[in-house]
Amino acid sequence: MQTAGHRKAFLWAVILLAVCISSPAPAQQSEIRDIVTAGHLAGMRWPNFADDRNELQKFYEPAGFAPAWVAASQPTPAALSLIRLFRSAEAKGLNPEDYDAALWDDRIQALKASSSELVVASFDVALTVCAMRYVSA
């Protein structure tokens, strides 16, 4: 039987693996650091994540604030899996919109259309924040 603790540990293992295999540009790292420090990301349903800032810092800092969910301006397979999980949150009794379910298609298109460090950083941090909120719920 899988417990909530096992699911949480598995999700964190997936997140750490994603961070380890990414190859970031220094500007992306700077943008991610700035967003995490601000504790706010415009464009999210719940843009204020100041209460989770320390956890995000602990998540990104060991990898030098490298993107965890983006490789070559594409969402990683792990990112797409999490987005599917967010979209199906209702099956777990959760509200998919608490994890920005309706916003991910536009974010993916923006990511694919632009190699902007800010677009990459915003996508990455938004996904991490939503993953943390999902795990906490």
Side-chain angles (χ1 to χ4, degrees):
M1 177 177 200
Q2 191 178 33
T3 65
H6 288 110
R7 286 189 300 271
K8 187 174 182 179
F10 175 75
L11 182 57
W12 280 113
V14 169
I15 290 169
L16 289 174
L17 176 63
V19 169
C20 291
I21 62 174
S22 66
S23 163
Q28 291 171 349
Q29 292 168 289
S30 178
E31 291 287 350
I32 289 173
R33 184 182 303 108
D34 291 348
I35 294 169
V36 169
T37 300
H40 186 273
L41 181 57
M44 294 187 72
R45 179 175 185 204
W46 309 110
N48 182 1
F49 58 88
D51 291 345
D52 297 320
R53 188 176 22 220
N54 289 336
E55 293 302 316
L56 276 129
Q57 183 88 17
K58 289 177 190 175
F59 174 75
Y60 281 109
E61 193 170 50
F65 292 87
W69 310 108
V70 178
S73 295
Q74 298 288 320
T76 64
L80 297 174
S81 292
L82 279 173
I83 292 167
R84 281 191 299 274
L85 186 69
F86 301 152
R87 289 177 176 154
S88 66
E90 194 170 330
K92 300 285 185 187
L94 303 171
N95 182 353
E97 292 313 312
D98 287 343
Y99 314 104
D100 291 356
L103 303 175
W104 288 109
D105 285 339
D106 288 343
R107 288 178 180 155
I108 290 169
Q109 292 308 315
L111 185 64
K112 291 178 178 182
S114 171
S115 59
S116 158
E117 286 83 10
L118 182 57
V119 170
V120 170
S122 296
F123 180 94
D124 208 87
V125 173
L127 193 62
T128 303
V129 169
C130 288
M132 293 176 93
R133 288 174 176 167
Y134 186 89
V135 168
S136 294

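- Using a 4.5 Å heavy-atom cutoff, the side chains of Trp104 and Pro75 are not in contact.
- Residues Pro67 and Gln28 have side chains in contact (heavy-atom distance under 4.5 Å, counting atoms from C-beta outward).
- In this structure the side chain of Glu90 never reaches within 4.5 angstrom of the side chain of Asn95, judged on heavy atoms.
- Considering CD of Gln74 and NZ of Lys112, their distance stands at 5.0 Å, rounded to 0.5 Å.
- In this model, a donor atom of one side chain and an acceptor atom of the other lie less than 3.5 Å apart for Tyr60 and Asp124.
- Evaluation of the side-chain hydrogen bond (donor to acceptor under 3.5 Å, both in side chains) rule for Ser114 yields no partner, not counting sequence neighbours.
- Residues passing the side-chain hydrogen bond (donor to acceptor under 3.5 Å, both in side chains) test with Arg107, sequence neighbours excluded: Asp100.
- In this structure, the side chains of Phe123 and Ile108 come closer than 4.5 Å at one or more pairs of heavy atoms.
- Ring-plane geometry between Tyr99 and Tyr134 is classed as perpendicular, the angle between the planes exceeding 60 degrees on a 0 to 90 degree scale with a lower cut at 30.
- The closest side-chain heavy-atom distance from Thr76 to Val70 is not below 4.5 Å.
- Counting only heavy atoms from C-beta outward, the side chains of Phe65 and Gln57 approach each other to under 4.5 Å.
- A continuous path of hydrophobic side-chain contacts links Val119 to Leu80 [ILVMFWY only; heavy atoms under 4.5 Å].
- Nearest heavy-atom pair, Pro47 versus Met44, reported as atom, atom and distance to 0.1 Å: CD-O, 3.5 Å.
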Review item, side-chain donor-acceptor pairs of residues 32-39, under 3.5 Å, at least two apart:
from, atom 1, to, atom 2, distance (Å)
Thr37, OG1, Arg33, O, 2.8

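- With rounding to the nearest 0.5 angstrom, the CH2 atom of Trp69 is 11.0 Å from the SG atom of Cys130.
- A distance-only check finds no donor-acceptor pair linking the side chain of Glu31 to the backbone of Glu117 [under 3.5 Å].
- Contact check for Leu111 versus Val120: side-chain heavy atoms found under the 4.5 Å cut-off.
- Side chains of Ser136 and Arg133: a donor-acceptor N/O pair is absent below 3.5 angstrom, by distance only.
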